[in-house]
Amino acid sequence: HIKSMDGHFLWWIAMNAIGHHLIIENCNGHYRVHQAYIKNIHPYGYTAKEWCCSDLRRKSAWKKFGGGKLLTSSDLDDLLDIVVRYQKLLSRVLKNVLLPAVPGLDPLALPYLEKDGPDGSEKGVDEQFLAKELKRIVVWSDHLIKRVGPEGLTDVGMTEERRVGEGNSFIPVMIGTVENGQRLFDVPASVYTQCDNINRELTGEPFNSVTFLYMLNSGVWWQSRRDPDDGGAIGFSILGMDLKQDMTEEEGIRRSEQITKKMMSEFERMAVA
């Protein structure tokens, strides 16, 4: 368990599939959390410096985890639980809402894109076929991400407080305006609300629908194609670092790998709990 580890070290958890990064600092069982809700993605974003040094008390997440305060083991459990729940929600959103909306995507690829693979281990899987379908997803979502800046995104049926309006069963997400825009997704109101609630829990900010595009662009790999040694992935990655000064480079690399695997094991444990 990560809380049984002595020493002074960091975990960097990069959640590119939702545009959010965490750094967890552990010093002999005392914890601090540094967060960055990436500004060039989110209109309400903030840097890790702002998270640590600014007064962001209007954000519920900052009140619990921010301002450089020391956190308890229970606080850390709560934070990691939010991350795991977000992972699971993202997988469901991809399966039920986002992947079916990709133009031209072959339905035969969906069972492999929706789970922890594809890693080529399943019998009968055509890796070239899957690679072509994965490229289709990435190219389409990347093109849309580039259009968001000049054209904007419109979520039809949202209130001024960025909540789902009453009486809406779906939230159409459009690039551009309602009158002249392109309709991308029809997100069930309950799903949009779940995304919004957990995003506020983790970041303190309302959900931004551009996140749906990042989920597609890198979230297919949220659990899949993860390097068993360093946790490397596109949509979700973990890196640990020991802050002890008197280590050789080789000792530092080996220690980093050990710390990274500890956190990976923790997420695996929590995911099946």
Would you indicate whether the side-chain heavy atoms of [Y] and [X] approach each other to under 4.5 Å?
X: V191; Y: N96; answer: no
X: Y31; Y: D75; answer: no
X: L144; Y: R147; answer: yes
X: E201; Y: R85; answer: yes
X: T203; Y: I18; answer: no
X: I82; Y: F65; answer: yes

May I ask you to decide if [Y]'s main-chain N or O and [X]'s side chain share a donor-acceptor pair within less than 3.5 Å?
X: H20; Y: A36; answer: yes
X: N26; Y: G29; answer: yes
X: T260; Y: G240; answer: yes
X: Y214; Y: I145; answer: no
X: W11; Y: I259; answer: yes
X: H42; Y: T211; answer: no

Distance (rounded to the nearest 0.5 Å) between [X] [atom1] and [Y] [atom2]:
X: E257; Y: L239; atom1: CD; atom2: CG; value: 10.0 Å
X: L202; Y: D81; atom1: CG; atom2: CG; value: 11.0 Å
X: H30; Y: L70; atom1: NE2; atom2: CG; value: 7.0 Å
X: S256; Y: M241; atom1: OG; atom2: CE; value: 6.0 Å
X: I198; Y: Q87; atom1: CD1; atom2: CD; value: 10.0 Å
X: I137; Y: K132; atom1: CD1; atom2: NZ; value: 12.0 Å

Nearest non-hydrogen partners of [X] and [Y], listed with the distance:
X: V97; Y: P188; value: CG2-CD, 3.9 Å
X: G165; Y: T159; value: CA-CG2, 3.8 Å
X: S218; Y: A17; value: OG-CA, 3.4 Å
X: L184; Y: A101; value: O-CB, 3.8 Å
X: V93; Y: C195; value: CG2-SG, 4.0 Å
X: G19; Y: I41; value: CA-CD1, 3.9 Å

Are [X] and [Y] connected, step by step, through hydrophobic side chains (Ile, Leu, Val, Met, Phe, Trp, Tyr) whose heavy atoms are closer than 4.5 Å?
X: M174; Y: M215; result: no
X: W12; Y: L243; result: yes
X: V164; Y: F170; result: no
X: V148; Y: V156; result: no

Applying side chain to side chain contact (heavy atoms under 4.5 Å, CB included), can you list everything that pairs with S265, at least two apart in sequence or on another chain?
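Testing S265 for side chain to side chain contact (heavy atoms under 4.5 Å, CB included), a comparison that skips the adjacent residues, returns none.
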For S141, side chain to side chain contact (heavy atoms under 4.5 Å, CB included) partners two or more places apart:
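Side chain to side chain contact (heavy atoms under 4.5 Å, CB included) list for S141, sorted by chain: L216, N217.
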Starting from the C-alpha separation in whole Å, work towards a yes-or-no answer on side-chain contact (heavy atoms from CB on, under 4.5 Å) for Y46 and Q35.
CA-CA 8 Å; Y46 48 80; Q35 302 203 64; 4.2 Å; yes
Is the number of heavy atoms from other residues, nucleotides or ligands under 6.0 Å of M158 CE greater than 12?
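More than 12 within 6.0 Å, yes.
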Keeping to residues at least two apart or across chains, list the salt bridge (Lys or Arg N to Asp or Glu O under 4.0 Å) pairs with something in [range].
range: residues 60-69; value: K64-D78
range: residues 239-249; value: D242-R255
range: residues 13-40; value: K39-E50
range: residues 176-185; value: R183-D186

Does [X] have any salt bridge (Lys or Arg N to Asp or Glu O under 4.0 Å) partners at least two apart in sequence or in another chain, and if so, which?
X: E251; result: none
X: R92; result: none
X: R163; result: D196

Going by an N to O cut-off under 4.0 Å, is there a salt bridge joining D155 and R162?
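Judged by the 4.0 Å cut-off on N to carboxylate O distance, D155 and R162 do form a salt bridge.
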One thing to verify: whether R136 and E133 come together as a salt bridge, which I'm taking to mean a side-chain N less than 4.0 angstrom from a carboxylate O.
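Looking at R136 together with E133, the answer is yes, because their closest N to O distance falls below 4.0 Å.
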Quick test of your reading: applying ring pair (Phe, Tyr, Trp, His ring centres under 6.0 Å), list the pairs with at least one residue in residues 238-264, sequence neighbours left out, ordered by first then second residue.
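Checked against ring pair (Phe, Tyr, Trp, His ring centres under 6.0 Å) - neighbours excluded - no pair reaches residues 238-264.
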Ring pair (Phe, Tyr, Trp, His ring centres under 6.0 Å) partners of residues 179-201, not counting sequence neighbours, each pair once:
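For residues 179-201, and leaving out neighbouring residues, the ring pair (Phe, Tyr, Trp, His ring centres under 6.0 Å) pairs sorted by first residue read Y192-F207, Y192-F212.
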Residues H34, W51; criterion ring-ring contact (aromatic ring centres under 6.0 Å, His included); working and verdict
CA-CA 7 Å; H34 315 275; W51 175 265; 9.2 Å; no
I'd like to know whether N199 forms a side-chain contact (heavy atoms from CB on, under 4.5 Å) with Y86, so could you lay out the CA-CA distance, the side-chain angles of the two residues, the decisive distance to 0.1 Å, and finally the verdict.
CA-CA 8 Å; N199 202 73; Y86 214 145; 2.8 Å; yes
Quickly, which of V178, V173, I175 forms a side chain to side chain contact (heavy atoms under 4.5 Å, CB included) with T154? Name it, please.
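Of the listed residues V178, V173, I175, the side chain to side chain contact (heavy atoms under 4.5 Å, CB included) partner of T154 is V178.
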Output all residues satisfying side-chain hydrogen bond (donor to acceptor under 3.5 Å, both in side chains) with T193, sequence neighbours left out; order by chain, then residue number.
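If we apply the side-chain hydrogen bond (donor to acceptor under 3.5 Å, both in side chains) test to T193, skipping adjacent residues, there are no hits.
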